[in-house]
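For reference, the structure is listed below as structure tokens.
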Amino acid sequence: MEHVATTAGLFPLPDAQRERLADLKGHQKADLIGGDESADVTAAYDAARERLVSVQREAGLDRVVEGQARWDDMLAHPLCVHDNVRTEGIVRYYDNNNFYREPVVTGPLTEDGDMAADLDAAARLTEDLQAVVPGPYSLTDLATDEHYGSFAAFLDGVADFLAGEVAAFPDAVETVFVLEPSLVAAPPDDDIHERVRDAVDAVADAIDADVVLHTYWGALGEKLHAHLLDTDVAALGYDLVSAHEESAYLVQEYGTADSVALGLVDGQNTLVETRETVRERVEWFRESVPVSDFDTVYATPNTELFYLPVGTFEAKLDALAAGVAAETEVSR
């Protein structure tokens, strides 16, 4: 069994680049990323990417993400920069104090290569590259449709869009984390579970890499979890910070994929876990479920990390990597 220390991406901006971008862009809605940035803004984001990759390498993570420094709108970013999407008022990002521009889809969601371009740049900085993308259901949930005409057609359109984006990723990408918090925070009705499953498969089948479907802020419903076990993803993710008992129950009752992603570090709390806490949470999960010999255990913070101060973010990466190293050593 392989233990892989990694993250769900969406990092806080490094201090130097945050200050530089504040000077260049301002702080208003109209100043957020739109895909047509100036050379100076682009250079600042390039510097942020280099710093974020360096921090991960220094911490000793096994998979390195691009960092998503440009994603002003969190998971809604791929739509907010699309030509056939207009952005409207600021709306709350799930149940927290962050906000994003509401993306309103006004035309077909054709591929635009925005995520692939960022990953191409990251591939020049590191090996062991991991991509992070919003899941099709969550991206549909965060957006408004004025083109497709029904939720089912909209979900299919978003899934096809993401599949096209993922298919354009560089060959250096070894793993893709598909983030699906809405499956927990705003779960789909039972009658569209199969459509959600097919949407996930459309994304997973678009690339020859290990795809991890990661959910957080609670545990999946039992029926939905069972449907997602029929997808082609390599691993399902479980939030052991906010729903450890419920997550273990799902695996006890229904099994899981050949690999798992475990949310071991709290992405929204400034208390820094110890390496022992990280290791103990892995061991607790393995001892609590009937199948403990997974192909891979992806050890990750439970959520995106942009909520944290930069110093705390870096300390949590260090603790995560050290805990995974200790668990790997113990299990040899």
message: Please determine whether a side-chain nitrogen of the Lys or Arg among Asp23 and Arg20 lies less than 4.0 Å from a carboxylate oxygen of the Asp or Glu.
response: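 Salt bridge between Asp23 and Arg20, a charged N being under 4.0 Å from a carboxylate O: no.
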
- prompt: So, are Lys316 and Glu314 salt-bridged, with charged N and O less than 4.0 Å apart?
  reply: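 Judged by the 4.0 Å cut-off on N to carboxylate O distance, Lys316 and Glu314 do not form a salt bridge.
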
task: Check each of Gln56, Gln130, Arg63 against Thr6 using the side-chain hydrogen bond (donor to acceptor under 3.5 Å, both in side chains) test, and report the only one that passes.
output: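 Output: one option passes, namely Gln130.
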
- prompt: Going by atom types only, do Tyr238 and Thr215 share a side-chain donor-acceptor pair under 3.5 Å?
  reply: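 No - no donor-acceptor pair under 3.5 Å links their side chains.
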
- prompt: Any side-chain heavy atom of Val310 sitting closer than 4.5 Å to one from Pro14?
  reply: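 The answer is no; the side chains never approach within 4.5 Å.
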
Let me check something: any side-chain donor-acceptor pairs from residues 116-129 under 3.5 Å, sequence neighbours excluded? List them with distances.
from	atom 1	to	atom 2	distance (Å)
Asp118	OD1	Arg49	NH2	3.2
Asp118	OD2	Arg70	NH1	3.0

message: Below 30° counts as parallel, above 60° as perpendicular, anything between as tilted: where do the rings of Tyr93 and Tyr100 land?
response: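 Answer is perpendicular, since the angle exceeds 60°.
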
- request: Look at the aromatic rings of Phe11 and Phe313 and report parallel, tilted or perpendicular, splitting at 30° and 60°.
  value: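 Ring orientation, 0 to 90° scale: tilted.
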
query: Is the side chain of Ser138 donor-acceptor paired with the backbone N or O of Pro134 at a distance under 3.5 Å, no angle test?
result: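 Not at all, since once roles are kept as given, no pair shorter than 3.5 Å links the two residues.
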
- prompt: Counting only heavy atoms not in Asp95, do more than 12 sit closer than 6.0 Å to its CG atom?
  reply: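 Counting other residues, nucleotides and ligands, CG of Asp95 stays at 12 neighbours or fewer.
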
task: Report the hydrophobic cluster partners of Leu271, with the cluster defined as I, L, V, M, F, W, Y residues connected by side-chain heavy atoms closer than 4.5 angstrom, directly or transitively.
output: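 Direct or chained contacts put Leu271 with none.
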
field: Evaluation steps, side chain to side chain donor-acceptor pair (under 3.5 Å), between His77 and Asp114
entry: CA-CA 10 Å; His77 166 86; Asp114 181 83; 2.7 Å; yes

- request: Could you go through the side chain to side chain donor-acceptor pair (under 3.5 Å) check for Asp239 and Ser242 one step at a time?
  value: CA-CA 6 Å; Asp239 184 346; Ser242 64; 2.5 Å; yes

Verdict with supporting geometry, Glu50 and Ser54, side chain to side chain donor-acceptor pair (under 3.5 Å): CA-CA 6 Å; Glu50 291 180 15; Ser54 176; over 6 Å; no

